[in-house]
Amino acid sequence: MNPIKLTYWSKLVVTTVSIVAISSISSALALSKLSSLDTSNLSQFSEKQVLADKADKADKADKADKYDSEAVGVTIATSSFPEKKPAFTLYIWQPGGTISEVTARISIKSKYGNKYRQERFLGDYRYRMKQKANFVKGFKSEDLIVVRLYDTTNRLIGYSEFAILPENTAVNIILSANPIVEQVVRSFYGADVNNDSIVDDDSIKYDYFTQVNNQKVTFLSSSENVSISQYQAAGFSQIPRTAAYPISLSDVVGKSINIFDSNLAQALTVPPGRITQLIPIQENSSFELGQLLSKYRQIGVAKNIKVSFSDISKDYWAKEYISELAAMEIIGGFPDGSFRPNAAVTRGELAVLLQKVFTKSKIRKAVAFKDIPPRHWAYNAIRESYEMGFFNTLNSKKFNPAQKLTRLDIFITLAKGLNYQFTGSTENILSVYSDASTIKSEHRNFLASLTQNGVIVNYPNIKLLNTKKIATRADVCALLYRAMVVNGEVVDFPSRYNVKITR
């Protein structure tokens with residue numbers, strides 16, 4: 001493989017603003033009580049982080065999961081881990097005005113490592129004042145949500161961004177009395193630990209204003225020059241003089257940024273309703289992230305990203321995995337518009353993918369492989385993936401980047417590099433496979449860990465591991481994506497070929 005072919009695999013803290021970190025990576029809460037916080041606990045989100053306001057106590061309706069995934073028929077004792085379910089509830093208000101409806105155009109900047117992926121469209125929603133909608137299943141703590149507000153004539157009247165918290169996040173976006181003239185909105189939100197849409201009294205809250213002017217938005221550092229009375233209503237917290245931003249937005253506080261740019265997704269630049277229908281908000285409206293990403297993928301990704309391929313049909317078994325990895329710019333197709341899902345994968349190519357997918361800490365020193373000079377097209381990827389714990393040296397000083405990989409090679413590389421654990425009997429877990437007897441003793445625990453954690457995808461027969469089969473690009477996409485799901489990094493797209501142990 002050469003450098004050209006490689007492209008197919010990839011494609012303030014401001015002194016006047018309260019900002020406090022609540023994660024070792026980013027995302028944080030800010031409040032005037034900053035000085036009273038125990039900074040020794042900032043590596044984890046506090047249990048006191050809260051939701052939005054005591055505005056609406058209506059019960060939330062849980063939507064049934066519409067996806068059915070096939071489970072393999074064996075029951076074992078498995079460990080139970082607490083499951084975090086980041087999500088958000090969005091309210092839109094106008095305490096002092098007469099606007100009856102607005103369109104909320106919602107998009108997401110997904111967090112990965114210390115960076116954010118390109119903005120993706122999640123739909124245009126028609127809100128009446130004082131309505132709310134729930135957005136659930138698949139969001140991550142520290143994802144950034146963007147809301148562009150339009151009036152009924154498709155005139156831009158407001159803009160907000162907010163960070164997802166570890167639990168449900170209730171967000172209030174509050175319009176001015178006359179948003180056509182005064183395009184300033186208040187964003188007020190926090191975490192709702194028990195999902196009751198009520199702000200906990202002892203919670204930390206975010207509270208800040210953004211102002212739209214000439215296709216730019218300014219993140220105001222204080223409410224000093226804002227007529228705050230029009231944003232205040234019974235049940236809302238008093239507006240602080242000093243803005244309280246999450247650290248995720250600290251680099252834009254006091255600055256103006258472009259609301260639109262030439263690389264944005266088509267759906268984010270055209271007027272609402274132009275290429276996709278407006279979705280009216282109803283009582284207890286709820287939307288799942290995975291369904292939105294899939295529904296709007298073709299028109300919702302940045303213009304330089306290709307997510308459909310001539311040889312990947314609508315019902316192709318690995319379509320969601322391939323298309324979503326392409327949308328995240330982890331893998332790409334070929335100049336002729338194809339993806340070549342049945343093509344083999346080499347060690348060098350897998351190293352490139354692992355470098356793009358995982359942001360693990362380094363656990364060992366790099367090795368100077370004799371066959372990987374600094375000018376090699378995969379030099380950095382091989383070096384970094386090895387430092388993260390992937391691959392071995394094959395008892396030599398060579399890496400063999402052109403070696404084609406079997407499915408077993410992929411399984412063992414992932415299991416060792418990600419250090420998956422399991423509980424219960426190895427033999428019981430592996431009994432779900434018709435070819436379990438072919439698995440060597442030194443590999444059985446690795447395969448059991450991948451199976452119990454839900455990483456394994458077997459196509460076309462869910463009960464066959466086919467460990468000796470050469471791994472295809474489709475195979476690798478499926479396995480990498482499942483590993484990302486298990487790590488809590490991406491939304492789940494269940495597949496009937498994903499091996500799941502019934503509990």
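Heads up: numbering here begins at 1 and tracks the sequence.
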Practice task
Answer yes if the side chains of Q230 and E182 hold a donor-acceptor pair under 3.5 Å, and no otherwise.
Solution key: yes
Exercise for the section: Give, for atom CD of Q183 and atom CG of N214, the distance between the pair rounded to the nearest 0.5 Å. Expected result: 9.0 Å
Practice task
Please say whether more than 12 non-hydrogen atoms of neighbouring residues, nucleotides or ligands are located less than 6.0 Å from NZ in K362.
Solution key: no
Exercise for the section: Could you tell me whether the side chains of N263 and Q118 share a donor-acceptor contact shorter than 3.5 Å? Expected result: yes
Problem - Six-ring centre of Y150, R155 cation under 6.0 angstrom, axis tolerance 45° - result: no
Handout entry: Side chain K111, main chain K140, donor-acceptor under 3.5 Å
Key = no
Exercise for the section: Taking the six-membered ring for Trp and the full ring for Phe, Tyr or His, determine whether the centres of F209 and Y231 are under 6.0 Å apart. Expected result: yes
Handout entry: Sub-4.5 Å side-chain heavy-atom contact between V499 and V457
Key = no
Handout entry: Residue pair P341 / D311: nearest heavy atoms and the distance that separates them
Key = CD-OD2, 3.3 Å
Handout entry: Pair N419, Q421: side-chain N/O donor-acceptor within cut-off below 3.5 Å
Key = yes
Exercise for the section: Measure from NZ or CZ of R482 to the centre of the six-membered ring of F493 and say whether it is under 6.0 Å with the direction within 45° of the ring axis. Expected result: no
Completion exercise
When rounded to the nearest 0.5 Å, the distance separating CD of E101 from CG of L278 is 9.5 Å
Problem - Modelled atom types, side-chain donor and acceptor of S110 and R117, under 3.5 Å - result: no
Problem - Flag side-chain contact, heavy atom, 4.5 Å: T169 against P86 - result: no
Problem - Spacing of OH belonging to Y112 relative to CE belonging to M484, to within rounding of 0.5 Å - result: 10.0 Å
Problem - Between S160 and S187, a side-chain donor and acceptor under 3.5 Å - result: yes
Exercise for the section: Give a yes-or-no answer on whether the side chains of E142 and S248 include a donor-acceptor pair shorter than 3.5 Å. Expected result: no
Handout entry: Non-hydrogen side-chain atoms of F135 and Y125 separated by less than 4.5 Å
Key = yes
Practice task
Using a strict 4.0 Å threshold on nitrogen-to-oxygen distance, state whether E320 and R297 make a salt bridge.
Solution key: yes
Practice task
State whether K109 and E161 are salt-bridged, where the test is any N-O pair (Lys NZ or Arg NE/NH1/NH2 against Asp/Glu carboxylate O) under 4.0 Å.
Solution key: yes
Practice task
Mind running side-chain contact (heavy atoms from CB on, under 4.5 Å) on V147 and L149 for me, showing each step along the way?
Solution key: CA-CA 6 Å; V147 181; L149 295 171; 3.9 Å; yes
Problem - Qualifying residue, where the test is ring pair (Phe, Tyr, Trp, His ring centres under 6.0 Å) with Y321 and the options are F339, Y481, Y459 - result: Y481
Exercise for the section: Using a strict cut-off of less than 4.0 Å between a Lys/Arg side-chain nitrogen and an Asp/Glu carboxylate oxygen, indicate whether E167 and K85 qualify as a salt bridge. Expected result: no
Exercise for the section: Verify, without hydrogens or angle tests, whether D261 (side chain) and L264 (backbone) share a donor-acceptor contact under 3.5 angstrom. Expected result: yes
Fill in the blank from the handout: In this structure, CD1 of I180 is separated from CD1 of I157 (nearest 0.5 Å) by 7.0 Å
Exercise for the section: Apply side chain to side chain donor-acceptor pair (under 3.5 Å) to the pair T103 and R126, showing each step before the final yes or no. Expected result: CA-CA 5 Å; T103 297; R126 178 56 58 88; 3.1 Å; yes
Practice task
Verify, without hydrogens or angle tests, whether S323 (side chain) and V307 (backbone) share a donor-acceptor contact under 3.5 angstrom.
Solution key: yes
Practice task
Decide whether N134 and T89 meet the rule of one side-chain donor and one side-chain acceptor closer than 3.5 Å.
Solution key: yes
Handout entry: Close side-chain approach of R148 and F260, heavy atoms under 4.5 Å
Key = yes
Problem - Donor-acceptor under 3.5 Å (S385 side chain, Q355 main chain) - result: no
Practice task
Using atom types as modelled and distance alone, determine if a side-chain donor or acceptor of N453 lies under 3.5 Å from a backbone N or O of V455.
Solution key: no
Handout entry: Donor + acceptor pair across side chains of S107, E119 (<3.5 Å)
Key = yes
Exercise for the section: Go through K132 and E283 one step at a time and tell me if the salt bridge (Lys or Arg N to Asp or Glu O under 4.0 Å) criterion holds. Expected result: CA-CA 8 Å; K132 70 171 183 177; E283 184 177 0; over 6 Å; no
Problem - Interatomic spacing from NZ in K319 to CG in D315 - rounded to 0.5 Å - result: 10.0 Å
Handout entry: Inter-residue atom distance L292.CG - L122.CG, 0.5 Å rounding
Key = 5.5 Å
Practice task
Go through F358 and F390 one step at a time and tell me if the ring-ring contact (aromatic ring centres under 6.0 Å, His included) criterion holds.
Solution key: CA-CA 11 Å; F358 301 109; F390 297 105; 5.5 Å; yes
Exercise for the section: Test I257 against V217 for side-chain contact (heavy atoms from CB on, under 4.5 Å), laying out the working first. Expected result: CA-CA 6 Å; I257 63 172; V217 58; 3.5 Å; yes
Exercise for the section: Among Y189, Y245, F139, Y208, find the one that has a ring pair (Phe, Tyr, Trp, His ring centres under 6.0 Å) with F162. Expected result: Y189
Handout entry: Test: E387 and K360 ion pair at under 4.0 Å
Key = no
Exercise for the section: Can you spot which of L418, T359, V357 makes a side-chain contact (heavy atoms from CB on, under 4.5 Å) with N487? Expected result: L418
